[in-house]
Amino acid sequence: NFEQVALIPKDEKLFTILKPVEPEKVGLKDDEALVFSVEYNEDICEDYLERVTDEADIEILFQIYYDMLDEQGITE
């Protein structure tokens with residue numbers, strides 16, 4: 001199970017940051033989260049999540065997330 005941290009639009013795509021409810025069960029620390037792109041399968045007409053594994057992309061998406069927080073006046 002995951003909690004959604006953020007939904008991020010970028011370059012006409014949609015990404016989400018998800019934090020596991022029990023991070024130790026998936027090998028993560030309490031302060032870690034995973035990044036996924038929202039993809040569409042035309043064969044079955046459904047969205048699905050694909051994990052983002054490129055470190056540069058992950059850094060960019062987290063920076064967008066932090067910028068979103070700053071714009072809202074939210075500090076971590």
Side-chain angles (χ1 to χ4, degrees):
N1 292 335
F2 292 87
E3 293 178 13
Q4 184 172 311
V5 175
L7 194 59
I8 302 169
K10 181 185 180 303
D11 299 333
E12 298 185 24
K13 288 191 76 174
L14 200 54
F15 297 87
T16 185
I17 298 175
L18 300 178
K19 181 175 167 82
V21 174
E22 298 179 60
E24 65 281 351
K25 286 190 175 182
V26 293
L28 296 177
K29 298 176 185 170
D30 285 340
D31 63 345
E32 293 180 314
L34 301 172
V35 179
F36 295 86
S37 62
V38 180
E39 303 293 336
Y40 184 73
N41 183 325
E42 291 184 20
D43 294 334
I44 59 174
C45 300
E46 285 189 14
D47 292 328
Y48 66 95
L49 299 178
E50 185 170 312
R51 187 165 174 198
V52 176
T53 57
D54 183 274
E55 288 297 322
D57 290 339
I58 292 169
E59 286 182 33
I60 290 168
L61 291 162
F62 267 98
Q63 188 56 55
I64 293 169
Y65 168 62
Y66 297 139
D67 292 345
M68 290 168 57
L69 290 178
D70 286 342
E71 288 173 10
Q72 296 297 318
I74 300 171
T75 58
E76 293 185 66

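- Scanning for salt bridge (charged side-chain N to carboxylate O under 4.0 Å, His left out) contacts around Glu59 gives an empty result, with sequence neighbours left out.
- Val5 and Leu28 fall into different hydrophobic clusters, defined by Ile, Leu, Val, Met, Phe, Trp and Tyr side-chain heavy atoms under 4.5 Å apart, directly or through other members.
- Closest approach of Tyr40 and Cys45 over heavy atoms only: OH-CA, 3.0 Å.
- Taking all atoms of both residues into account, the shortest heavy-atom contact from Ile58 to Val52 is CD1-O, 3.4 Å.
- Other members of a hydrophobic cluster containing Val21 are absent, since no ILVMFWY side chain comes under 4.5 Å of it, directly or through relayed contacts.
- Ile8 and Leu69 fall within a single hydrophobic cluster, where Ile, Leu, Val, Met, Phe, Trp and Tyr side chains are chained together by heavy-atom contacts under 4.5 Å.
- Considering only residues two or more places apart in sequence or on other chains, Asp57 meets the side chain to side chain donor-acceptor pair (under 3.5 Å) condition with none of them.
- Of all heavy-atom pairs between Ala6 and Tyr65, the closest is CB-CD1, 3.5 Å.
- Contact check for Leu34 versus Phe2: side-chain heavy atoms found under the 4.5 Å cut-off.
- Checked against side-chain contact (heavy atoms from CB on, under 4.5 Å), Gln4 has the following partners two or more places apart in sequence or in another chain: Leu7, Thr16, Leu18.
- Annotation: salt bridge (Lys or Arg N to Asp or Glu O under 4.0 Å) contacts involving residues 31-54, sequence neighbours excluded, comprise Lys13-Glu39.
- The salt bridge (charged side-chain N to carboxylate O under 4.0 Å, His left out) check on Glu22 picks up Lys25, with sequence neighbours excluded.
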